[in-house]
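Notes to accompany the following structure.
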Amino acid sequence: MKRMRRRIGIVAVIAVALVLVTNIGAWALDPSTDVNLKFTSPNTALGLNNLWIIVSAVLVIFMQAGFALVETGFCRAKHAAHVVSTNFAIFGLGFVAFFLVGYSIMFSNYSFGHTNVGYFGYEHALSPDRLIGFGNWTFLWGKSGFALTGVAYSVPVAAFFLYMVAFMDTTATIPTGAMAERWKWKAFVGWGLFCGALYYPIFGGWTWGGGWLSQLGNNWDLGFGYVDFAGSGVVHAMGGFAGLAGALVLGARIGRYGPDGKPRTLAGHSIPMAFLGTFILLVGWFGFNAGSTLAATDLRFTVVATNTAIAAAFGATIAMFYCMWRMGKPDPGMMANGMLAGLVAITAPCAFVQPWAAAVIGSIAAVLVVESVFFFERKGIDDPVGAISVHGTCGIWGVLCVGIFADGRYGGGWNLTATGATKGHGVTGFLYDTSLGFKQLGAQAIGALVIIFVMGGFAFLFFKIQNAIMKGGIRPTAEVEEAGLDLPEMGVLAYDNLLLRELDIVGTEGDTVLSGGPSQDPTIGR
């Protein structure tokens, strides 16, 4: 086994070396190439739009702080240093892998899912080298753009890369919550590199890189193809189902279920910390959604931002009332996850729906996230923060909402689909046009199924292989897990001035738990 791990490491190093060697010519700047592309003369609109993308990227990157606080707050104190460190380290791990190879894989086609890339000067993607597949059912591997070299070394590509890498890091972060408190650090590192290099770029290329899912409209007459404005599916559901795959491989935390199979409370140590993180995520989400117009000159961003806030507010409020009705008390963790559920669900349809629809989407997401948490809990799937339900379940709901609520007023050239140009309408759901809407819903359903089964299966295979080749698997020993991962894995305690037993609240058999903001009141019923 040790020899096999060494061989895999050698193969990985050789692969990276080949990528760099085959692109060595791209490292030297061609003096005949203007690295500013369109920016040879002052252009206020282009400058404003590039600034818009950079500011939006910074907002999305700051969401890492929100994820760190939410996940750490919802987990126990004895694991706090480990959990917050995974949220910190994933930014660099995913970024490095995406920078070196992932971005080139994702955008190696000439066509884009977004119609307005010209607004900030990006006229084409990276040149394709070879196609693996049949017809438009292709996986594209770029021959240029690795490490932002060659054609990728330009002003607009730099802006677009920074925005896209922030999205990728969100996907990579989500499993750190679903797999928290029982994940070896070395195994986590492998996930970060895998997600940035392959897992996210493959599906991202199929959707936003001009791949086969984006072309379902042109090839199968399914509306505008798979449409996902800001990533309910590409970002959130992808992360949620990767988290589900990892949780299945890891199994439940020690003590999470009693001998009778009933769930027990393993309460998070800081609800205020989790709430602070939720507010940070709310603020960052405006960069996530409104920034996805890719242009401040596309004034649709006002509708996007308002829909985002509406869905968040309704998600939090309906989750509170639903928990009061279902369980007798409002659960703070569920209120937080209700807001996040609304945000995740509105992310795909935010540019295509009216404000009333945003309220409905956020409200339904709030109910879905509560019931999804209970469902996975009953099935023995342990998710300390509710990430699978928030991002997986509600991400799929958001994807489908495009085919239901889109009103046809925006996105006429989406995915370079001929339908919009010839019939003069935008992305349309079946509530506004039965024929067009059900075709669009069909494309959305195909995208959702690919996320769940193809990409979810890809993530499951990765974790299973990783578990098989790593000495002792990807889960720490029972002794380490029960003592807390902070000292054995990280060498520090998050709270070295407090007794862990004062912060680590463990329930007794028969206690109930709400994953992702667990209630500490065993009287709350299901």
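Since we're looking at a predicted model, the values are computed, not measured.
Looking at Trp183 and Thr176, their side chains never bring a donor and an acceptor atom within 3.5 Å of each other. In this model, a donor atom of one side chain and an acceptor atom of the other lie less than 3.5 Å apart for Thr297 and Asn49. A side-chain N or O of Glu371 and one of Tyr322 form a donor-acceptor pair less than 3.5 Å apart. A donor atom on one side chain and an acceptor atom on the other are not found under 3.5 Å apart for Asp433 and Thr428.
The 12-atom threshold is exceeded at CZ of Phe463, counting heavy atoms of other residues, nucleotides or ligands nearer than 6.0 Å. Shown here is Phe430, whose CZ atom has more than 12 heavy atoms of other residues, nucleotides or ligands within 6.0 Å. In Phe458, the CZ atom is crowded: over 12 heavy atoms of neighbouring residues, nucleotides or ligands sit closer than 6.0 Å.
Residues Trp208 and Ser214 form no side-chain contact, since every pair of their non-hydrogen atoms from C-beta on lies 4.5 Å or further apart. With a 4.5 Å cut-off on side-chain heavy atoms, Ile446 and Leu213 count as touching. For the pair Val427 and Gln440, the minimum side-chain heavy-atom distance is below 4.5 Å. Side-chain contact between Trp285 and Phe288: present, with at least one pair of heavy atoms (C-beta onward) separated by less than 4.5 Å. Looking only at side-chain heavy atoms (C-beta outward), Ile388 and Ile381 come within less than 4.5 Å of each other. Between Phe462 and Tyr199, every side-chain heavy-atom pair lies at or beyond the 4.5 Å cut-off. Within the 4.5 Å cutoff, the side chain of Gln215 has no heavy atoms near those of the Tyr226 side chain. Counting heavy atoms from C-beta on, the side chains of Phe167 and Val234 never come closer than 4.5 Å.
Side-chain atoms of Thr72 never come within 3.5 Å of backbone atoms of Leu69 as a donor-acceptor pair (strictly under, hydrogens ignored). Checked by atom type and distance alone, the side chain of Asp383 never pairs as donor or acceptor with a backbone atom of Leu244 at under 3.5 Å. For Ser389 (side chain) and Gly386 (main-chain N/O), no donor-acceptor pair under 3.5 Å exists by modelled atom type. In this structure, the side chain of Glu71 engages the main chain of Gly177 through a donor-acceptor pair within 3.5 Å. The backbone N or O of Thr417 sits nowhere less than 3.5 Å from a side-chain atom of Asn415 that would complete a donor-acceptor pair. Distance alone, capped at 3.5 Å, is enough to place a donor-acceptor pair between the Asn337 side chain and the Val385 backbone.
Between Leu343 and Ala312, the shortest heavy-atom contact is CD2-CB, 3.6 Å. Of all heavy-atom pairs spanning Asp228 and Gly233, the tightest one is OD2-N, 2.7 Å. Of all non-hydrogen atoms in Cys394 and Ala341, the two that sit nearest each other are SG-CB, 3.6 Å. Shown here for Cys323 and Val370, the closest heavy-atom pair between the two residues is SG-CG2, 4.1 Å. Residue Gly398 comes nearest to Ser232 through the heavy atom pair CA-OG, 4.0 Å, listed as atom of the first residue, atom of the second, then distance. Looking at every heavy atom in both residues, Ala443 comes nearest to Leu222 through CB-O, 3.7 Å.
Gln64 is linked by a side chain to side chain donor-acceptor pair (under 3.5 Å) to Thr173, counting only residues two or more places apart in sequence or in another chain. Residues satisfying the side chain to side chain donor-acceptor pair (under 3.5 Å) test with Thr171, not counting sequence neighbours, are none. Among residues two or more places apart in sequence or in another chain, the side chain to side chain donor-acceptor pair (under 3.5 Å) test is passed with Tyr163 by Ser292.
Considering Asp407, Val303, Val304, Val227 in turn, Val227 is the only one that fulfils the side chain to side chain contact (heavy atoms under 4.5 Å, CB included) rule with Phe352.
The CG atom of Leu193 sits 5.0 Å away from atom CG of Leu93, with the distance rounded to the nearest 0.5 Å. Here CD1 of Ile361 is found 11.5 Å from CG of Leu368. Values are rounded to the nearest 0.5 Å. Of the inter-residue distances, the one linking Ile54 atom CD1 with Leu51 atom CG reads 8.0 Å to the nearest 0.5 angstrom. Of the inter-residue distances, the one linking Phe241 atom CZ with Ile451 atom CD1 reads 8.0 Å to the nearest 0.5 angstrom. Between Phe229 atom CZ and Trp414 atom CH2 the span is 5.0 Å, to the nearest 0.5 Å. In this structure, CG in Leu250 is found 7.5 Å from CG in Asn467, a value given to the nearest 0.5 Å.
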Could you walk me through whether Leu216 and Phe224 satisfy the side chain to side chain contact (heavy atoms under 4.5 Å, CB included) test, starting with their C-alpha distance in whole Å, then the side-chain angles of each, then the deciding distance to 0.1 Å, before giving a yes or no?
CA-CA 7 Å; Leu216 290 176; Phe224 285 79; over 6 Å; no

Evaluate the criterion side chain to side chain contact (heavy atoms under 4.5 Å, CB included) for residue pair Val373 and Met334; output intermediate values, then yes/no.
CA-CA 9 Å; Val373 164; Met334 281 301 186; 3.6 Å; yes

Assess whether ring-ring contact (aromatic ring centres under 6.0 Å, His included) is satisfied between His391 and Trp397, documenting all intermediate values.
CA-CA 10 Å; His391 301 278; Trp397 165 238; over 10 Å; no

Could you walk me through whether Tyr410 and Asp298 satisfy the side chain to side chain donor-acceptor pair (under 3.5 Å) test, starting with their C-alpha distance in whole Å, then the side-chain angles of each, then the deciding distance to 0.1 Å, before giving a yes or no?
CA-CA 11 Å; Tyr410 183 75; Asp298 180 355; 2.5 Å; yes

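Between Tyr432 and His425, the ring center distance fails the sub-6.0 Å criterion. The distance between the ring centers of Trp52 and Phe301 falls below 6.0 angstrom.
Ion pairing of Glu377 with Arg256 is present here, as a side-chain N (NZ or NE/NH1/NH2) and a carboxylate O approach within less than 4.0 Å.
Relative orientation of the Phe160 and Tyr103 rings is perpendicular, given thresholds of 30° and 60° on the angle between their planes.
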